[in-house]
Amino acid sequence: RIELTVKQSGNTAKAGGPRVLTAHPGEFRRLVGQAAEDREQLESMAGQWAADTGVVIVLKGHRTLITDGKARLYNSTGNPGMATGGMGDG
């Protein structure tokens, strides 16, 4: 189980609801400490890790995987500009 603390507007509070981890493939590999031979194996690892930890994983890529370990959804929308480092960072 992962405990998450969120700090927003100077107030610190424990996050409620599902925990969501967003990661690019390299970030996810570093997080779990394992290499993957291909995208299919990486997605399998993400599903297993989500099931084991109780988090939702958003594994970014040209076809972003969203999984809680039970179900898998794919988002293939977007454009090449979204692959630029820092896009979406607030």
Side-chain angles (χ1 to χ4, degrees):
R1 184 173 172 135
I2 294 176
E3 195 64 39
L4 176 66
T5 301
V6 176
K7 183 171 177 127
Q8 181 179 5
S9 303
N11 298 320
T12 302
K14 289 197 178 221
R19 276 66 167 178
V20 179
L21 177 104
T22 62
H24 291 284
E27 294 169 325
F28 181 73
R29 282 188 212 95
R30 285 191 301 274
L31 176 69
V32 299
Q34 294 180 332
E37 293 182 23
D38 55 26
R39 177 73 185 199
E40 184 177 334
Q41 184 181 22
L42 190 64
E43 290 180 4
S44 178
M45 290 167 50
Q48 186 62 53
W49 203 79
D52 291 348
T53 60
V55 301
V56 173
I57 305 275
V58 177
L59 186 61
K60 299 176 186 179
H62 71 282
R63 157 184 103 138
T64 296
L65 167 69
I66 304 144
T67 184
D68 63 358
K70 297 174 193 160
R72 289 184 182 192
L73 299 172
Y74 292 93
N75 180 358
S76 59
T77 64
N79 62 65
M82 297 302 292
T84 303
M87 283 297 294
D89 294 345

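The model shown is predicted, which means the values in this text are computed figures rather than measured ones.
A distance of 7.0 Å separates CD1 in I57 from CG in L31, rounded to the nearest 0.5 Å. Rounded to the nearest 0.5 Å, atoms OG1 (T53) and CD (Q48) are 9.5 Å apart. Note that CH2 of W49 and CD of Q34 are 11.5 Å apart. Values are rounded to the nearest 0.5 Å. Note that OG1 of T64 and OH of Y74 are 11.0 Å apart. Values are rounded to the nearest 0.5 Å. Rounded to the nearest 0.5 Å, atoms NZ (K60) and CG (N75) are 12.0 Å apart.
Contact between L42 and R29 at its shortest, heavy atoms only, is CD1-CG, 3.9 Å. Residues G69 and A50 share a closest heavy-atom pair of N-CB, 3.7 Å. Residues A36 and M45 share a closest heavy-atom pair of CB-SD, 3.8 Å. When all heavy atoms of A46 and F28 are compared, the pair lying nearest together is CA-CZ, 3.4 Å.
Here the rule is side chain to side chain contact (heavy atoms under 4.5 Å, CB included) with V58, and of T22, L73, T67 only T22 fits it.
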